[in-house]
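Here is the structure we will look at.
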Amino acid sequence: MDRVIPARVRFAPSPTGRVHLGSGRTALYNYLIARQTGGKFILQLEDTDKKRLIPGAEQEIMDGLHWLGLQWDEGPDVGGPYGPYRQSERKEIYQDYARQLVEKGKAFYCFCTPERLEKVRQEQQKKKEMPHYDGTCRRLDPDEALRRVAAGEPHVVRFKTPQEGATTVKDLLRGEITVENRQLDDIVLLKTDGWALYHLAAVIDDHLMKITHVIRGSEWLPTFPLHALIHRAMGWEEPTWVHLSVFLKPSGKGKMSKREAADLAKDGYSIFIKDLEGLGYLPEAVVNWIALMGWSYDDRTELFTLPELVEKFSLERLNPSPAAINFTKFDYFNGLHIRRLALDDLARRVRPFFEQAGYPADEERLLRIAPIIQERITHLDDAVAMAGFFFKEEVEPDPENLVISGLTAGETLEVARRSLDVLSWLPEINPETAEPPMRTLVAELGLTAGQVFGMLRIAVTGQKVSPPLFESMAIIGKEKVLERIRSAVGKLEKLVEDAG
RNA sequence: GCCCCCAUCGUCUAGUGGCCCAGGACGCGGCCCUCUCAAGGCCAAAACAGGGGUUCGAGUCCCCUUGGGGGCACCA
């Protein structure tokens with residue numbers, strides 16, 4: 001095996017919004033490359049835009065990554081040798097390099113007001129031109145510009161993008177991309193308030209933090225050549241660039257929107273990592289699912305755990321085309337991973353949902369329920385609807401539902417009484433003791449198991465759908481089972497009386 | 001409007017010039033199993049966007065068209 005160079009990768013979300021599946025996947029791929037190569041996964045916060053910060057967003061990012069199991073090696077909370085890991089604490093660093101670029105003649109001070117720029121933009125749009133900086137301050141005498149800066153005149157720093165020729169950059173998935181330099185703008189590097197913009201900050205951080213692979217969303221593709229140009233202007237070596245495809249809404253037409261997210265919520269889905277736990281999803285399933293949206297291992301393997309992904313992931317097998325989010329398949333993966341859980345693990349994970357629903361779910365009983373619900377639920381919270389009756393003192397089935405289809409209430413009553421009789425003679429009720437004699441009874445009555453067991457299911461669980469009858473009875477216990485059947489007998493008697 | 005990216009079943013994808021009259025998975029339909037519901041097993045329907053090239057041969061390479069996506073801020 002070839003000796004691999006440990007990758008240093010940086011996941012740098014902005015705490016200006018919620019963490020969604022797309023950023024989760026970007027984080028995942030970064031994490032995988034770091035772990036696979038024995039490198040470092042770095043978390044940084046791009047919090048330079050004070051106006052857009054959202055309280056709590058920082059915590060949501062960290063909680064989300066933790067929940068997915070993506071622990072970072074360097075970050076705002078754990079520190080590291082290349083900090084600080086909050087861009088808001090790196091202001092002077094960015095200013096220093098911006099100054100260097102100006103000194104090298106690769107950038108310039110710009111004194112244009114936002115109002116003037118807006119006017120220029122509008123005129124350009126009217127003329128059907130691509131909006132871009134018109135170059136006014138670019139032509140300024142550097143010494144004069146310096147004097148105006150020294151005099152305290154408000155200014156920004158802009159990159160002096162080459163006006164001639166073309167720039168060729170290389171993306172790992174797409175190969176070489178060439179753009180005419182005149183299509184590139186003289187982007188702002190440093191704002192009037194002295195804060196760096198993404199374009200400058202990202203390039204500097206990538207260099208200073210010795211980042212080997214920039215793995216990010218394809219929304220950066222258009223400005224990618226600019227970033228490479230800044231690297232080159234500084235005389236720095238470029239990292240390997242990898243631009244991931246975007247996630248489209250389920251229909252495949254268009255990207256996710258607020259409207260779309262709201263519609264999804266109605267169906268019990270969410271694109272926000274934070275919501276997924278409460279919706280009964282396993283982090284294992286989320287990881288497996290998003291890993292496969294834009295990446296594949298071969299033509300058949302689909303089940304992956306995080307450690308397996310660390311072993312098998314490769315950037316070369318990424319798919320550059322956009323992918324529509326498919327929640328149906330997400331549900332499938334969730335069921336798949338639920339079934340792979342150890343029983344005590346399943347019991348532990350399902351417990352909060354019972355408690356939230358108001359059931360006194362004790363560990364011992366949960367452990368007995370786990371095996372009979374494991375293959376019946378696709379979301380953890382489905383367990384409540386499936387097995388809530390185990391924690392109820394009494395169940396209250398609708399008398400009408402007790403009546404066996406094809407039989408009268410009176411006939412059903414007789415079946416219920418005979419069943420009660422058979423079961424009451426047993427020392428204990430479980431599949432081994434109860435099922436054979438009950439099947440004998442079913443045969444004697446000339447009915448089907450479905451008819452008789454179905455009635456008993458309603459009587460004992462209060463539900464039309466439940467885990468297997470006798471397994472359920474074993475957990476409920478003989479006493480309470482008989483009690484519930486007696487209660488059902490009572491309901492049937494009343495039904496017969498009322499009818500007669 | 002301009003620039004960039006992308007294009008195989010409804011969806012996620014395999015396919016890197018002959019192994020493909022295109023494989024897997026989800027979903028859908030059918031069957032089996034079955035005390036309900038699941039899970040599981042089996043079977044079926046379902047795609048190379050269109051048009052030009054290159055080549056003995058193209059899903060695979062090139063060009064155009066079309067469609068989709070992204071971007072064009074003192075946001076990230």
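In what follows, every chain begins at residue 1, and chains take the letters A, B, ... in the order their sequences are listed.
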When the distance from [atom1] of [X] to [atom2] of [N] is rounded to whole Å, what number comes out?
| X | N | atom1 | atom2 | value |
| --- | --- | --- | --- | --- |
| A:N319 | B:C12 | CG | P | 9 Å |
| A:H132 | B:C74 | NE2 | C1' | 18 Å |
| A:R158 | B:A73 | CZ | P | 10 Å |
| A:Y269 | B:U11 | OH | P | 17 Å |
| A:L318 | B:G15 | CG | C1' | 17 Å |
| A:W220 | B:G70 | CH2 | C1' | 12 Å |
| A:D298 | B:A25 | CG | P | 12 Å |
| A:K329 | B:G10 | NZ | P | 15 Å |

- Message: If you assign each of A:N326 and A:L336 to its closest nucleotide in RNA chain B, which residue comes earlier from the 5' end?
- Response: A:N326
- Closest nucleotide of RNA chain B for A:M293 versus for A:T378: which of these residues is on the 5' side? A:M293
- Message: B:G71, OP1 or OP2 - any side-chain N/O from A:T223 closer than 4.0 Å?
- Response: no
- Phosphate oxygens OP1/OP2 of B:U36: is one of them under 4.0 Å from a side-chain N or O of A:R376? no
How is [X] classified with respect to the nucleic acid when contacts are heavy atoms under 4.0 Å: base, sugar-phosphate, or nothing?
| X | result |
| --- | --- |
| A:Q183 | sugar-phosphate |
| A:V156 | base |
| A:R300 | sugar-phosphate |
| A:Y332 | sugar-phosphate |
| A:G217 | nothing |
| A:G454 | nothing |
| A:T48 | sugar-phosphate |
| A:R317 | sugar-phosphate |
| A:L469 | base |
| A:P467 | base |
| A:R174 | sugar-phosphate |
| A:P468 | base |
| A:S466 | base |

- Task: Mark yes or no for a side-chain to base donor-acceptor pair under 3.5 Å between A:T192 and B:C74, with no hydrogen or angle criteria applied.
- Result: yes
- Picking from A:R339, A:R349, A:R340, what satisfies salt bridge (charged side-chain N to carboxylate O under 4.0 Å, His left out) with A:E284? A:R349
Sort out the partner of [N] for me: Watson-Crick or G-U wobble, both distances under 3.5 Å, none otherwise.
| N | result |
| --- | --- |
| B:C26 | B:G10 |
| B:U34 | none |
| B:A44 | none |
| B:G1 | B:C72 |

Please state the [atom1] separation for the pair [N] and [M] - nearest whole angstrom.
| N | M | atom1 | value |
| --- | --- | --- | --- |
| B:C43 | B:G67 | P | 41 Å |
| B:G50 | B:C9 | P | 10 Å |
| B:G59 | B:C42 | P | 31 Å |
| B:U55 | B:G18 | C1' | 12 Å |
| B:C4 | B:A47 | C1' | 28 Å |
| B:G57 | B:C19 | P | 15 Å |
| B:G23 | B:U8 | C1' | 11 Å |
| B:U60 | B:A14 | P | 15 Å |

Just say parallel, tilted or perpendicular for the rings of [X] and [Y], cut-offs at 30° and 60°.
| X | Y | value |
| --- | --- | --- |
| A:F453 | A:F470 | perpendicular |
| A:W220 | A:H227 | tilted |
| A:F327 | A:F330 | tilted |

- Closest heavy-atom pair, A:R457 versus A:P467, reported as atoms and distance to 0.1 Å, is NH1-O, 3.3 Å
- Task: For A:P131 and A:D185, work out which heavy atoms get closest and say how close.
- Result: O-OD2, 4.3 Å
- Task: Give a yes or no on whether the ring-centroid distance for A:W295 and A:F313 is below 6.0 angstrom.
- Result: yes
- Can you check whether A:H20's main-chain N or O pairs, donor with acceptor, with A:S23's side chain at less than 3.5 Å? yes
